Protein chains: 2
Amino acid sequence: MTVSRQNGLTESQAKVLKTVSDFIAENGYSPTAKEIAEILNITQTSVFEQLERLEKKRYITRQKGAARTIGILSQPENEKPVKKSDSVKLVKVPIIGTIAAGAPIFADENMEGEILVDESNIGKGRFFALRVRGDSMINAGINNGDLVIIKRQPLAENGDIIAALIDSEATLKRLSLTDDEVFLLPENEKYSPINVTCREDFKILGKMVTTVTVL
Amino acid sequence: MTVSRQNGLTESQAKVLKTVSDFIAENGYSPTAKEIAEILNITQTSVFEQLERLEKKRYITRQKGAARTIGILSQPENEKPVKKSDSVKLVKVPIIGTIAAGAPIFADENMEGEILVDESNIGKGRFFALRVRGDSMINAGINNGDLVIIKRQPLAENGDIIAALIDSEATLKRLSLTDDEVFLLPENEKYSPINVTCREDFKILGKMVTTVTVL
DNA sequence: AGAAATCCCAAACATATTTCTGCTTTTTTA
DNA sequence: TAAAAAAGCAGAAATATGTTTGGGATTTCT
């Protein structure tokens, strides 16, 4: 049997993804591997492998060891050919973890990979990239699964979208400096601003310079 | 300690419900009993009991034996107990100046007085009141001389009527957020929208929650 | 063609999670 | 004020669920 590809997924993978998607649509919570397996008439183990592949390809997110935590990511655009032109200067930017645009998620220094970004898009400086989880910045066009590129800097201006540490957890928010208070603002009405005015454990990691959607 | 009721739920139950709701909003999947327990600093068993009660009262749904399957039901609107006079909670709101609903007028911090407002009308938060001058918001039912109560918040939603500072002057307008521009809209054809997209001197003071007509 | 990836399996393993049992204390209701 | 409901706990049972191991068969890539 030929395994054709669509959107970078094989038929099997697409089938699993669709099953998950349909299940969530119908039930409001994600299925277990076993449930997917029963629907597709394959084993749990196979499903598990497919989920791993789907996660690696950034079609879904999962929480290690936690039940029913599959999240479906917005589909990355169909493969964009990488432009190669000698006027483009690509800069390596390390991907160092996942950042919350919802609940803060611990940002460990484990490098997840690297991406190449045209220098003209981000300017000069020291950069790193973080994968976004959550939906608290959707009104700023930053979606679950996106990569954000952060320029390391300890200070930021009012209105900047920044990556910050709060109590050793990283979060992506818009910075709001009022007369005497400092807030981190989500870009989603569902969430509330975080007052960091007097928090000792608050630290700016850097300023977001751009977002990248990676396949 | 008195366990007061709201919406037919006890404080404890409401706390659990809110925890679940917040968790789902932030993570996209429902929490386990253990996770709720950790957040609220009680035991899993207690949480389990609370979830049973919440289910019985039709605030949530669950699937027996399945992990993370709590679903939140829309609040039953029915039983709204008539408020007794002793349940009215009046909140002091300072009147701190005059705000323009026409040409912006300087909003000084001189307190002009205080009014008492029933908390149920405005919710919780930090409030202040401003006297309106001008007629630019008449189509929104806000007239010259009215008092408007503003909830302090640095962020507002599209369509909110907000009090904002522009170049140190306060004004009351409806907020309009388009794809990439921000406008303040008067509610009177005589006046024109103000584009504040790139104005550094623009700051949201808060959102109007109600008006009070004082004779 | 050979290497690498995909796809699938059975059988276990480890732990996450719900659920039960029995008991204490406090608050509300009748 | 007595009974009922609510709230909580410790500890453990029961099972749901993610994960690992060690394969085999097929397809895709180079």
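Proteins get letters first, then strands, A, B, ... in listed order; numbering begins at 1 in each. Only this structure's heavy atoms are used, side chains among them; waters, hydrogens and symmetry mates stay out. Small disclaimer: the values here were computed from a predicted structure and weren't measured.
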Residue list, salt bridge (charged side-chain N to carboxylate O under 4.0 Å, His left out) with B:E49, at least two apart or on another chain: none
Separation of B:I36 CD1 from B:L51 CG (nearest 0.5 Å): 5.0 Å
Below 4.0 Å: OP1/OP2 of C:dC9 and any side-chain N or O of A:S46: yes
Gap between atoms CZ and C1', on B:F48 and C:dC23 respectively (whole Å): 17 Å
B:I70 CD1 to D:dA16 C1', straight-line distance once rounded to whole Å: 15 Å
Candidate nucleotides D:dA6, C:dC8, D:dC9, ranked by approach to the side chain of B:R53 - the nearest: D:dA6
Side-chain heavy-atom pair B:I70, B:F23 within 4.5 angstrom cut-off: no
Between P of D:dT28 and CD of A:E11, the distance in whole Å: 10 Å
Carboxylate-amine/guanidinium proximity below 4.0 Å for B:R68 and B:E35: yes
Euclidean distance, atom CD of residue B:Q13 to atom C1' of D:dA5 [Å, nearest integer]: 10 Å
Listed nucleotide nearest any side-chain atom of A:E49, set C:dC9, D:dT19, D:dA10: C:dC9
Phosphate-side-chain proximity, B:T10 and D:dA7, N/O vs OP1/OP2 below 4.0 Å: yes
From B:T61 atom OG1 to B:L54 atom CG, the distance as rounded to the nearest 0.5 Å: 11.5 Å
Under the salt bridge (charged side-chain N to carboxylate O under 4.0 Å, His left out) test, residues paired with A:E52 that sit two or more places apart: none
Under 4.0 Å protein heavy-atom contact, by nucleotide of nucleotides 12-17 of chain C - B base, S sugar-phosphate only: ----SS
Pairwise side-chain contact, A:L184 with A:L175, heavy-atom cut-off 4.5 Å (strictly under): yes
Euclidean distance, atom CD of residue B:E52 to atom P of D:dA7 [Å, nearest integer]: 13 Å
Interatomic distance, A:Q50 CD vs C:dA5 P [rounded to whole Å]: 15 Å
Spacing of A:L51 atom CG relative to C:dC7 atom C1', expressed in whole Å: 14 Å
Nearest-angstrom distance from the residue atom CG of B:L40 to P of D:dC9: 10 Å
